[in-house]
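For the single chain, residues carry numbers from 1 onward in sequence order.
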Amino acid sequence: MHLLESGVNLIYIRDFLGHSSVTTTEIYAKCNPELKRKYILEAASQLDDSIQPYSDNEKDGLLDWLKNNI
């Protein structure tokens, strides 16, 4: 977790730990709430007025994709 918090890419952590899949590494890489907040705030700062709301068709497509892939 300290490596991830220090900005090391999860792929490098996977290699360091010897996991065959990054999915396995993700199990151990539980992010603390403050780190999540930091990344959410960084992403939110990139939002501007040029972003348009989803249309109803786009929303339905996104929801279908989420249901099938999560």
Side-chain angles (χ1 to χ4, degrees):
M1 197 54 230
H2 294 293
L3 290 170
L4 191 62
E5 289 176 354
S6 297
V8 176
N9 189 302
L10 193 60
I11 300 300
Y12 298 133
I13 298 170
R14 177 205 61 194
D15 295 342
F16 177 74
L17 295 174
H19 295 152
S20 60
S21 169
V22 75
T23 306
T24 305
T25 310
E26 288 174 338
I27 294 170
Y28 299 99
K30 300 296 183 198
C31 194
N32 74 40
E34 288 305 314
L35 190 58
K36 287 180 188 178
R37 180 185 311 276
K38 172 188 168 191
Y39 289 124
I40 289 171
L41 290 174
E42 284 177 9
S45 70
Q46 297 174 13
L47 297 176
D48 58 25
D49 292 338
S50 67
I51 297 174
Q52 300 297 318
Y54 284 110
S55 69
D56 288 337
N57 287 338
E58 290 172 319
K59 286 179 189 176
D60 291 339
L62 177 58
L63 289 172
D64 288 340
W65 184 87
L66 289 169
K67 288 176 187 174
N68 292 325
N69 292 292
I70 295 182

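Screening residues 33-46 for salt bridge (Lys or Arg N to Asp or Glu O under 4.0 Å), with sequence neighbours left out, gives Glu34-Arg37.
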Run the side-chain donor-acceptor check on residues 6-20: report pairs under 3.5 Å with partners two or more places apart or on a different chain.
from: Ser6; atom 1: OG; to: His2; atom 2: O; distance (Å): 2.8
from: Asn9; atom 1: OD1; to: Ile11; atom 2: N; distance (Å): 2.8
from: His19; atom 1: ND1; to: Thr25; atom 2: OG1; distance (Å): 2.7

If you look only at distance, which donor and acceptor atoms sit under 3.5 Å apart when one is on a side chain in residues 59-70 and the other is two or more places apart or in another chain?
from: Asn68; atom 1: ND2; to: Asp64; atom 2: O; distance (Å): 3.1
from: Asn69; atom 1: ND2; to: Trp65; atom 2: O; distance (Å): 2.8

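Residues Leu4 and Leu41 do not share a hydrophobic cluster, clusters being chains of Ile/Leu/Val/Met/Phe/Trp/Tyr side chains in contact below 4.5 Å.
Checked against side chain to side chain donor-acceptor pair (under 3.5 Å), Asn57 has no partners two or more places apart in sequence or in another chain. Residues passing the side chain to side chain donor-acceptor pair (under 3.5 Å) test with Ser21 are Thr23, sequence neighbours excluded. For Glu58, the side chain to side chain donor-acceptor pair (under 3.5 Å) partners are Ser55, not counting sequence neighbours.
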